[in-house]
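Residue numbering restarts at 1 for every chain, and letters A, B, ... go by the order of the sequence lines.
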Amino acid sequence: MPELPEVETVARGVDKHVRGDRIVHAWFSNLPQPFKTPPSQQAKGLAGRAILAVHRTGKHIVFELGALGKESGRSATSTKKGAEPAGQWIVHLGMTGRLLVSVPDSPVAPHTHARLELASGRELRFVDPRRFGRLEFRELGGGEAFTAPGAEPLTIGAGEFAALFRRRHLPIKAALLNQGILSGVGNIYADESLFQAGIRPRRRTDRLTIAELDRLHTALRQVLNQAIRLGGSSVSDYVDADGARGFFQLEHCVYQRTGEPCRRCGTPVRRIELAGRGTHYCPKCQR
DNA sequence: CATTTCACCTGGTGGC
DNA sequence: TGCCACCAGGTGAAAT
């Protein structure tokens, strides 16, 4: 489910509900799959922490956590401004992960792998049927704060953007999906931005002109920003922190529209396989 | 090295 | 109704 716009939507929603709250108790399933840090270690690490803020980096949701101990840190510690995060909880949603803010007595969905009980009485739940998601806890002694490996698509400039692709020899779609180059772009927004830019997914990055890379830079940011405004794409089961669906799927021009007429020229949308992923494009509008 | 393929999982859909 | 093939928002390890 989750690419940059969906992850951004979830992170904003979670932040709104849990910023300033405190984790009273954390429960984790004991399956091997969705844990980058062993569940027992996460449970111990999270209990008692204040949640300072929640934000997105690439496709990761990062919880900035306060220092442990000092019950109800109201007195002495409250005066120091901008407390440094002492730990981080990092959530990657994989394909089917959901992060939901619930009331504690609401029914627990199948495939719930984490439940964080909060001081406010709310409960934060991580649900992930396919278990491609990842949960990680980091103690921040000195450094080691999480950073996404690739460039942020929404803030990168046109020149830097073009430079990312200059001397590579892979299809542009494969490059867009590579998180080490750009972080946050996935299958939907790769296809949609290439359509907006009029570029075929198989074109090799080192054969694209500066003008084409400029178009792609503009198209990508435009597509991502509009998707964020619409709360992301709910293709099958994606929902935000409140369980609400997004609406950008109604704006898709090519993604999962195989055989349907191109919204611009009417030519049937074509589907190929590229980099192991279903890839959709208009053979007339994209060259 | 850089690039490509495949395994990791569950569930929904559509054909027969 | 059941069975089966195929598809799905991602990514790291293995192969080329």
Working note: A/Ile228 + A/Arg12, criterion side chain to side chain contact (heavy atoms under 4.5 Å, CB included); need CA distance, chi angles, decisive distance, verdict. CA-CA 10 Å; A/Ile228 291 171; A/Arg12 285 181 188 177; 3.5 Å; yes
Just distance, no hydrogens or angles: give the donor-acceptor pairs under 3.5 Å from side chains in residues 120-127 of chain A, sequence neighbours left out.
from     : atom 1 : to       : atom 2 : distance (Å)
A/Ser120 : OG     : A/Asp21  : OD2    : 2.5
A/Ser120 : OG     : A/Arg122 : N      : 3.3
A/Arg122 : NE     : A/His17  : O      : 3.4
A/Arg122 : NH2    : A/His17  : O      : 3.3
A/Glu123 : OE2    : A/Arg115 : NE     : 2.6
A/Glu123 : OE2    : A/Arg115 : NH2    : 3.0
A/Glu123 : OE2    : A/Arg125 : NE     : 2.8
A/Glu123 : OE2    : A/Arg125 : NH2    : 3.4
A/Arg125 : NH1    : A/Ser106 : O      : 3.3
A/Arg125 : NH1    : A/Ser106 : OG     : 3.2
A/Arg125 : NH1    : A/Pro107 : O      : 3.2
A/Arg125 : NH2    : A/Pro104 : O      : 3.1
A/Arg125 : NH2    : A/Ser106 : O      : 3.1
A/Arg125 : NH2    : A/Ser106 : OG     : 3.4

Using a side-chain heavy atom cutoff under 4.5 Å and only I, L, V, M, F, W and Y, what cluster partners does A/Phe146 have? A/Val62, A/Ile90
Each residue besides A/Val269 in its hydrophobic cluster should be listed here, by chain and number; the cluster joins Ile, Leu, Val, Met, Phe, Trp and Tyr at side-chain heavy-atom distances under 4.5 Å.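 Besides A/Val269, the hydrophobic cluster comprises A/Phe195, A/Val254, listed by chain and residue number.
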Runs of at least three consecutive Watson-Crick or G-U pairs, both distances under 3.5 Å, are what I'm after; which ones involve DNA chain B?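 If one scans DNA chain B for consecutive Watson-Crick or G-U pairs, the stems found are B:2-8 with C:10-16, B:10-16 with C:2-8.
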For A/Phe248, which residues count as a ring pair (Phe, Tyr, Trp, His ring centres under 6.0 Å) partner, sequence neighbours excluded?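 With sequence neighbours excluded, A/Phe248 shows a ring pair (Phe, Tyr, Trp, His ring centres under 6.0 Å) to A/Tyr189, A/His252, given in chain and number order.
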Could you check whether A/Ser234 gets within reach of a base, just the sugar-phosphate, or nothing at all, counting any heavy atom under 4.0 Å? base
Does the side chain of A/Lys59 pick up a donor-acceptor pair with the side chain of A/Ser183 at under 3.5 Å?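 Result is no, nothing qualifies.
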Report the residues that fulfil side chain to side chain contact (heavy atoms under 4.5 Å, CB included) with A/Thr155, sequence neighbours left out, ordered by chain and then residue number. A/Glu152
Kindly write out the residues that satisfy side chain to side chain contact (heavy atoms under 4.5 Å, CB included) with A/Arg200, not counting sequence neighbours, or none if the list is empty. A/Arg203, A/Tyr281, A/Pro283, A/Gln286, A/Arg287
Under 4.0 Å: is that the gap between some side-chain N or O of A/His92 and OP1 or OP2 of C/dT11?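 Yes, A/His92 has a side-chain N/O under 4.0 Å of OP1/OP2 on C/dT11.
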At under 4.0 Å, does any side-chain N or O of A/Lys59 touch on OP1 or OP2 of C/dT11? yes
Without placing hydrogens or testing angles, list every side-chain donor-acceptor pair under 3.5 Å for residues 164-172 of chain A, not counting sequence neighbours.
from     : atom 1 : to       : atom 2 : distance (Å)
A/His169 : ND1    : A/Arg204 : NH2    : 3.2
A/His169 : ND1    : A/Asp206 : OD2    : 2.9

Quick one: [X] [atom1] to [N] [atom2], roughly how many Å, whole number?
X: A/Tyr238; N: C/dG10; atom1: OH; atom2: C1'; value: 16 Å
X: A/Arg134; N: C/dG12; atom1: CZ; atom2: P; value: 8 Å
X: A/Arg98; N: C/dG10; atom1: CZ; atom2: P; value: 16 Å

Going by the rule salt bridge (charged side-chain N to carboxylate O under 4.0 Å, His left out), which residues pair with A/Arg130 if we only count those two or more places apart in sequence or in a different chain? none
What N/O pairs connect the protein and nucleotides 6-8 of chain C at under 3.5 Å? Give each pair on its own line.
from  : atom 1 : to       : atom 2 : distance (Å)
C/dA8 : OP1    : A/Arg271 : NH2    : 3.1
C/dA8 : OP2    : A/Arg271 : NH2    : 3.2
C/dA8 : O3'    : A/Tyr255 : OH     : 3.3
C/dA8 : N3     : A/Arg130 : NH1    : 3.1

Between A/Val108 and A/Ile23, is there shared hydrophobic-cluster membership here, with clusters defined by ILVMFWY side-chain heavy atoms closer than 4.5 Å? no
Walk along DNA chain B from 5' to 3' and tell me the first and last nucleotide with an atom closer than 4.0 Å to a non-hydrogen atom of chain A.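 It runs B/dT3 to B/dG11.
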For B/dC9 versus C/dC3, give the span between their P atoms, rounded off to a whole number of Å. 24 Å
Between A/Asp191 and A/Lys173 (salt bridge meaning N to carboxylate O under 4.0 Å), is one present in this structure? yes
Look at atom NE2 of A/His55 and say whether more than 12 heavy atoms of other residues, nucleotides or ligands are closer to it than 6.0 Å.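 More than 12 within 6.0 Å, yes.
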Residues of residues 165-175 of chain A with any non-hydrogen atom less than 4.0 angstrom from an atom of DNA chain B: list those, numerically ordered, please.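 Only A/Arg168, A/His169, A/Leu170, A/Pro171 qualify.
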